[in-house]
Amino acid sequence: MTVLAHRTDTLTRDALAVLQPGFEGTTAPDWLLRQVGEGLTAVGLFGRNITSPEQLAALTAQLRTERDDVLVAIDEEGGDVTRLEVRGGSSFPGNLALGAVDDTDLTRGVARELGRRLAECGVNLNWAPSADVNSNPDNPVIGVRSFGADTHLAARHTAAYVQGLQAAGVAACTKHFPGHGDTNVDSHHALPRIDVDLDTLQARELVPFKAAIEAGTKAVMSAHILVPALDPTRPATLSPQILTGLLRGELGYEGLIVTDGMEMHAIAGTYGIERGSVLAIAAGADAICVGGGLADQATVLRLRDALVAAVREGALPEERLADAAARVRALAAWTHGARPDAQPEGSRASGIGLTAARRAVLVTGSTKPLTAPYVATLAPVANIAVGDETPWGVAAELAELLPGTEAGVFPEGSGAEDVLAAAGDRTVVAVVRDAHRHPWMTEALDALVAARPDTVVVEMGLPRARPRGALYIATHGASRVCGRAAAEVIAGV
């Protein structure tokens, strides 16, 4: 049933306040500005909305002509998941690289600088960091987005990241509660399960979230995962036991709870986004993230009206919706009044991302100086969180350092013979991403190294496979600066 509510209706304004929708284009459409004027308190940005820092600053300023405390959110993890630099690759390594270095001051500094850049563009809520412990190396969606498989390492770096980001005046949104690391299914496509007992959850998954809460994280994002030890029937996003009982009650968290994208198949394909949104708010969530795939006014109105109808029909307590809206407005007020901490003299290191990427590189073996190699990128299909619009690899960076370098991209189905035919007499630099998860990639690498023992191998994903080749470089991520760091090793500079 569609409920047509008057624009001044408090209930309608509360329903709008809990939505974090997306939109198409690089300027705010009229419908979005109108909804902001009617009560919408947050907007989510994606790569499609961003072309440059200047354009982004103009866009956020346009949104704030309607209300100056609007929350502008973004999924900017740095590393492989970047929206700020979606077309060129990130100036920062991701979490796995920072975890590999294991210097919390560096992690704090990277997050601080990333936050400063976001704040300069008018973005004040970042759906980051990922606090997931990547205990399952076959995880198809977390991987290098995690600080690592060690619980306590992930906890101390999650806390440092939250501190750095919020020191820049940008609210952190720690994700994906209660932990997405031990899954082998991508929740963009289906509903993952974590079948471990409560003791394991307490000792592993929950530890980084406790650290984030102690560090003062302003927001926590729920995961679309089923954790039977906590709730055998509903995924975390829709579970009162997990959001209200565990996160609010046991862990004592009082900040904003944001859902992961409601159009992800784990929710949309099972409950539908309208019912899912009502259930999420009823369970204890305060904000509904939607807009990665559904980015139009009709979606906003559908969700608004579903929430209003649920209250009027008694399916959702009006006090619960009002409480959720109040938490959203409280965070908007914090960001509006936030004053970034003063930076120590000389700490505005625009090159801190490259410095971190260089420190994260792990090198095995050696090779003679190369002149004009052939870079063969064995490319898997990117997951939705990372996206396929962001370039990755070492070819462009290596060509800058070694003029005459040639390159090719080889998708699944390609073999060593294809690479060797393209490379000719040139030394092969084989670039892979999570080779341990892709048998075709492993087979091609083994054949390449057997045919050409001088092959250089660069692993830009999780370095789980054994080192091979004359020179093996693990970058712990595929951002632009990770590619640059690897290229410098290959070129010997």
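- At least one side-chain heavy atom of Ile352 sits less than 4.5 Å from a side-chain heavy atom of Leu106.
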Could you walk me through whether Arg329 and Asp286 satisfy the salt bridge (Lys or Arg N to Asp or Glu O under 4.0 Å) test, starting with their C-alpha distance in whole Å, then the side-chain angles of each, then the deciding distance to 0.1 Å, before giving a yes or no? CA-CA 10 Å; Arg329 295 179 187 122; Asp286 305 303; over 6 Å; no
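- Asp103 has a carboxylate O that lies under 4.0 Å from a charged side-chain N of Arg359, or vice versa, which qualifies the two as a salt bridge.
- Checked by atom type, the side-chain pair Thr475/Glu459 shows no donor-acceptor distance below 3.5 Å.
- In this structure, Asp75 pairs ionically with Lys175, as a charged nitrogen and a carboxylate oxygen lie closer than 4.0 Å.
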Show me the donor-acceptor pairs within less than 3.5 Å that the side chains of residues 50-59 make with the rest of the protein, sequence neighbours left out.
unit_1	atom_1	unit_2	atom_2	d
Thr51	OG1	Gln55	OE1	3.3
Ser52	OG	Glu54	OE1	3.4
Ser52	OG	Gln55	N	3.0
Gln55	OE1	Thr51	N	2.7
Gln55	NE2	Thr26	O	2.9
Gln55	NE2	Asn49	O	2.9

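- Under a cutoff of 6.0 Å and an axis angle of 45°, Arg480 and Trp392 do not form a cation-pi pair.
- Summarising the geometry of Ala474 relative to Pro463, their closest heavy-atom pair is CB-CB, 3.8 Å, with the distance given to 0.1 Å.
- Checked by atom type and distance alone, the side chain of Asp260 never pairs as donor or acceptor with a backbone atom of Ala223 at under 3.5 Å.
- Using modelled atom types, one finds a donor on one side chain and an acceptor on the other under 3.5 Å when comparing Thr237 with Ser222.
- Side-chain N/O atoms of Gln166 and Trp334 include no donor and acceptor closer than 3.5 Å.
- Asp150 places a side-chain N or O within donor-acceptor distance of the main-chain N or O of His152, the cut-off being under 3.5 Å.
- A distance-only check finds no donor-acceptor pair linking the side chain of Glu412 to the backbone of Ala379 [under 3.5 Å].
- The two residues Val394 and Ala486 come nearest to each other via the heavy atoms CG1-CB, 3.8 Å.
- Ser146 and Ser130 form no side-chain donor-acceptor contact under 3.5 Å, judged by distance and modelled atom types alone.
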Could you give the side-chain donor-acceptor pairs of residues 202-215 under 3.5 Å, partners two or more places apart or in another chain?
unit_1	atom_1	unit_2	atom_2	d
Gln202	OE1	Lys210	NZ	3.3
Arg204	NH2	Asp182	OD2	2.9

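- In this structure, Thr82 contributes its side chain and Gly78 its backbone to no donor-acceptor pair below 3.5 Å.
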